[in-house]
There are 4 protein chains.
Amino acid sequence: MIRVLVNGADGRMGSQVVKAVYEDKDLEFVGGVSVTNIGKDAGELAGVGALGIAIREGLGQALDDIKPDVVVDFTTPKVIFENAKTCIEHGVNMVVGTTGLTAEQRGELAALAEQRKTSIFIAPNFSIGAVLMMKLSEEVAPYLPDVEIIELHHNNKLDAPSGTAIMTANKIDAARKAANAQQAPDKTHESLDGARGAKVDDIPIHSVRLPGYVAHQQVLFGGYGELLTIRHDSIDRKSFMPGVILAVKKVSSRPGLTFGLENYL
Amino acid sequence: MIRVLVNGADGRMGSQVVKAVYEDKDLEFVGGVSVTNIGKDAGELAGVGALGIAIREGLGQALDDIKPDVVVDFTTPKVIFENAKTCIEHGVNMVVGTTGLTAEQRGELAALAEQRKTSIFIAPNFSIGAVLMMKLSEEVAPYLPDVEIIELHHNNKLDAPSGTAIMTANKIDAARKAANAQQAPDKTHESLDGARGAKVDDIPIHSVRLPGYVAHQQVLFGGYGELLTIRHDSIDRKSFMPGVILAVKKVSSRPGLTFGLENYL
Amino acid sequence: MIRVLVNGADGRMGSQVVKAVYEDKDLEFVGGVSVTNIGKDAGELAGVGALGIAIREGLGQALDDIKPDVVVDFTTPKVIFENAKTCIEHGVNMVVGTTGLTAEQRGELAALAEQRKTSIFIAPNFSIGAVLMMKLSEEVAPYLPDVEIIELHHNNKLDAPSGTAIMTANKIDAARKAANAQQAPDKTHESLDGARGAKVDDIPIHSVRLPGYVAHQQVLFGGYGELLTIRHDSIDRKSFMPGVILAVKKVSSRPGLTFGLENYL
Amino acid sequence: MIRVLVNGADGRMGSQVVKAVYEDKDLEFVGGVSVTNIGKDAGELAGVGALGIAIREGLGQALDDIKPDVVVDFTTPKVIFENAKTCIEHGVNMVVGTTGLTAEQRGELAALAEQRKTSIFIAPNFSIGAVLMMKLSEEVAPYLPDVEIIELHHNNKLDAPSGTAIMTANKIDAARKAANAQQAPDKTHESLDGARGAKVDDIPIHSVRLPGYVAHQQVLFGGYGELLTIRHDSIDRKSFMPGVILAVKKVSSRPGLTFGLENYL
């Protein structure tokens with residue numbers, strides 16, 4: 001049994017982690033930390049009934065008292081760097097779902113983790129499907145280097161293109177360059193601006209924004225008389241949970257800092 | 001039996017019309033006219049074996065001699081206006097697949113056809129599937145006014161967006177305006193130019209150009225927790241043939257000039 | 001303003017109707033009836049805050065007291081027939097979302113409604129997208145009579161094929177028969193049982209059941225070198241709400257009994 | 001330059017290989033063998049103009065005279081085993097596109113090739129896209145073991161399910177078993193026979209047969225609130241050609257017998 005403490009255990013994400021850890025037969029939920037809801041039962045907040053584990057304040061003290069194997073952190077960008085240092089200094093492995101760490105901060109944490117021989121895992125995306133989509137796309141790119149991306153989201157998403165689409169384009173282009181794969185020339189003339197999408201690393205990205213969609217992406221590879229399409233549909237926010245659980249189980253296997261769920265696939 | 005003469009009978013399109021007319025049990029192929037391949041058997045050129053009907057020169061003379069019920073014209077933009085006048089003046093119904101007639105010319109032909117009590121049919125698109133896609137989209141628009149279009153073509157297509165996509169957008173917007181249907185506000189900010197496509201009547205059109213595609217279009221309607229998508233795939237140039245045959249059979253039913261296959265559906 | 005009473009106002013569906021009526025500027029929520037939660041505020045139960053309207057018992061008495069224009073009923077199969085008679089006898093128009101009325105009962109209600117000059121509306125499916133999918137499919141069938149249906153649902157759905165798929169097949173087959181449209185012969189031999197799906201009116205239906213799906217259907221029409229596909233994705237249960245609101249607004253326009261949302265589209 | 005001889009050079013497939021070899025800058029077309037069209041120019045038969053290389057009879061003699069680096073064979077099941085032995089005995093590497101070799105024959109050829117230190121490559125499918133689809137599906141299976149396959153072909157295909165679909169199911173099931181991945185239970189009851197498709201290794205396969213389709217397959221993986229779909233569309237028979245050319249270039253890299261294009265990807 002891996003003993004798991006959740007930091008931010010009463011938040012929208014954190015409380016789902018409490019539930020998922022509680023329901024997994026290989027994991028044990030041993031503690032919840034937050035700055036709100038102190039003293040309330042973490043299980044009740046997560047909707048799984050009273051677990052006799054109260055939300056407490058103070059990550060460092062909680063680590064001293066509870067000695068978990070892994071901390072899962074879904075807190076806020078402001079405090080995540082300090083939280084990470086606290087975990088590493090206590091020699092506790094960590095899974096970070098909180099965004100906001102800069103490349104410099106990640107470098108510092110990597111050095112610290114190596115020195116203390118602990119493991120820290122950070123992921124921009126915990127959806128196994130989305131990470132597989134990117135990984136598969138990288139593999140296809142050397143053989144079918146002609147590619148476009150369509151990403152479709154609800155009309156309340158503020159930015160376009162999506163971060164996942166940009167990251168996918170980066171990875172595809174790196175893969176086809178490494179393989180020296182030659183694209184077909186694009187002779188099309190845009191008779192109306194924007195028709196051919198936004199270009200990231202010379203890959204057109206088309207962003208659809210309509211009510212009804214949640215978060216979807218298609219990667220379209222064109223070949224000689226054939227097409228290969230990889231499509232990911234994320235229909236529920238809970239889709240990130242299997243990725244978190246996978247990371248909790250695998251984090252100890254790679255000492256130092258690991259970035260990206262693809263390292264565990 | 002409807003007796004059909006094909007003008008441009010030895011061309012890429014015309015020879016397929018010869019074949020389709022020959023194979024249809026309600027139609028009879030009675031003559032082929034062109035400016036090349038004079039004297040050759042029209043059936044052999046069309047790949048259906050010798051029919052004993054030689055390609056001849058001179059549309060007017062052929063109409064006098066053969067007296068067909070319908071002329072199908074797949075010639076060239078340069079000569080189509082003269083061809084159309086010739087047919088109308090001979091009192092012969094006509095199906096025009098040749099492009100290039102201006103709105104003014106169509107007006108003139110309409111007047112002439114009405115005066116001579118003949119029928120002339122002109123279509124920008126003979127694919128029944130494509131025309132149905134546009135018609136269905138018009139019907140959906142009043143109920144689901146939030147819509148985007150993705151059109152996907154081979155990488156040798158020179159323009160973007162496609163003419164069909166633009167026509168679809170025009171029709172959808174007219175339909176939703178007529179119904180006073182209110183769209184959801186688009187709050188997305190383009191962090192990269194072109195991500196949200198080209199706008200035609202406030203409808204985003206996204207143009208994909210990749211080897212492997214032929215001619216495809218998707219019309220995406222977003223609703224409250226649901227999506228309705230209409231997709232058309234044209235995989236072979238022969239897909240226009242059923243539309244031509246339909247037009248040949250229906251042209252006499254509407255005196256004067258008729259524009260667009262949707263009038264027969 | 002149309003004054004609306006909701007029967008079953010504290011149920012899963014009913015409470016969403018309360019919310020949707022409350023939020024619509026042309027409708028007024030005037031009363032909630034149920035057999036549970038008596039005395040509690042209908043707005044609080046629906047998550048829109050206190051409205052000062054308590055859930056009350058007894059549909060007949062509530063109609064006498066409140067005199068609504070329309071009753072929306074989401075109760076249970078056991079009581080819906082009595083509820084419907086009560087409404088009609090009170091001369092109140094009714095929108096029925098509850099399932100379970102037999103064809104005989106519908107006949108009886110139709111006669112009663114005509115006699116009392118009231119309107120009653122019953123729908124097996126309130127999703128506008130799903131109803132449009134069926135309507136569009138009927139229109140396409142005469143032109144492209146070769147068709148198959150793929151329906152995709154979550155793995156907890158117990159039956160296969162879905163009721164919507166069967167209804168779609170029935171409508172398509174009726175439409176293509178009415179138009180005397182000829183299908184292509186199916187020469188395929190099933191080397192493994194079930195490969196070609198279940199046949200409803202000679203239309204193959206393929207049922208996919210996987211975690212991650214909600215409720216989706218594709219109607220695939222094949223033509224000569226082309227394909228036309230109509231796809232509906234229902235991603236959230238709330239997708240039926242616009243259909244309920246549409247029915248509330250339109251119910252008075254058709255005296256007697258009306259069956260199916262397509263009558264209002 | 002790799003010097004290539006084509007056996008069956010005047011056939012439907014063989015003549016396309018002649019063309020593709022002729023057009024590739026790293027390959028040289030040096031000879032064509034067949035049992036028909038003897039003496040005719042292989043380039044003219046392939047539609048690339050006269051190459052001064054006449055179709056000749058007798059594979060063994062041609063190998064002695066021309067000494068090619070690689071033979072590409074698209075002949076017939078009846079003669080392929082003898083052809084393969086001839087090539088190996090002459091020490092010439094071989095790419096086999098002809099079907100019909102049994103497992104026993106492949107074993108015999110493997111032993112012979114190893115003994116003579118030559119390479120022979122055999123593939124059931126030369127489409128790079130189809131092979132990638134299978135390879136990617138194998139990779140996804142351990143993480144998303146709930147999967148169904150939809151394959152769509154033209155209505156003249158005689159069998160269902162397709163060989164590619166069955167092979168895909170075999171590979172997926174082997175991969176998820178090797179990873180000990182647990183599927184969700186399928187509780188669905190078929191109210192109509194065939195609705196849930198044909199089962200291959202416990203994976204439902206649904207076969208659509210409609211005019212308009214060429215050869216298409218979708219592999220649908222369901223997860224927790226998410227879906228991953230891999231789709232391959234083969235729209236033109238020429239799509240197998242890049243796979244043949246790849247094999248010609250790679251065949252010498254693996255001594256002995258190699259089965260399946262995935263070994264070169």
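Here the structure is a predicted model, which is why all the values come from computation and not from measurement. We name chains A, B, ... by the order of the sequence lines, and we start the count at 1 in each one.
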**Item:** Contacting moiety of D/Ile235, where chain A heavy atoms sit under 4.5 Å
**Value:** both
**Fill in**
So, the part of A/Leu246 with a heavy atom under 4.5 Å from chain D: the answer is neither
**Per-residue contact mode, D/Ala130 against chain A (heavy atom under 4.5 angstrom)** = backbone
**Message:** To check you understand the geometry: which heavy-atom pair defines the closest contact between D/Ser239 and A/Glu226, and what is its length?
**Reply:** CB-CB, 3.9 Å
**Prompt:** Who among A/Leu228, A/Asp236, A/Val219 has the most heavy-atom pairs with chain D under 4.5 Å?
**Reply:** A/Leu228
**Asked** Can you tell me how far CG of D/Leu261 sits from OH of A/Tyr143, rounded to the nearest 0.5 angstrom?
**Response** 9.0 Å
**Complete:** Pair count under 4.5 Å, heavy atoms only, with chain A: among D/Glu139, D/Gln218, D/His216, highest is D/Glu139
**Prompt:** Between A/Leu144 and chain D, which part of the residue has a heavy atom less than 4.5 Å away: side chain, backbone, both or neither?
**Reply:** side chain
**Complete:** Looking only at A/Val140, A/Leu132, A/Leu136, A/Ile230, most heavy-atom pairs under 4.5 Å shared with chain D are made by A/Leu136
**Asked** Just wondering, more than 12 heavy atoms not from A/Tyr22 lying within 6.0 Å of its OH?
**Response** no
**Where D/Tyr224 and A/Met241 come nearest, the two heavy atoms and their spacing** = CE2-CB, 4.4 Å
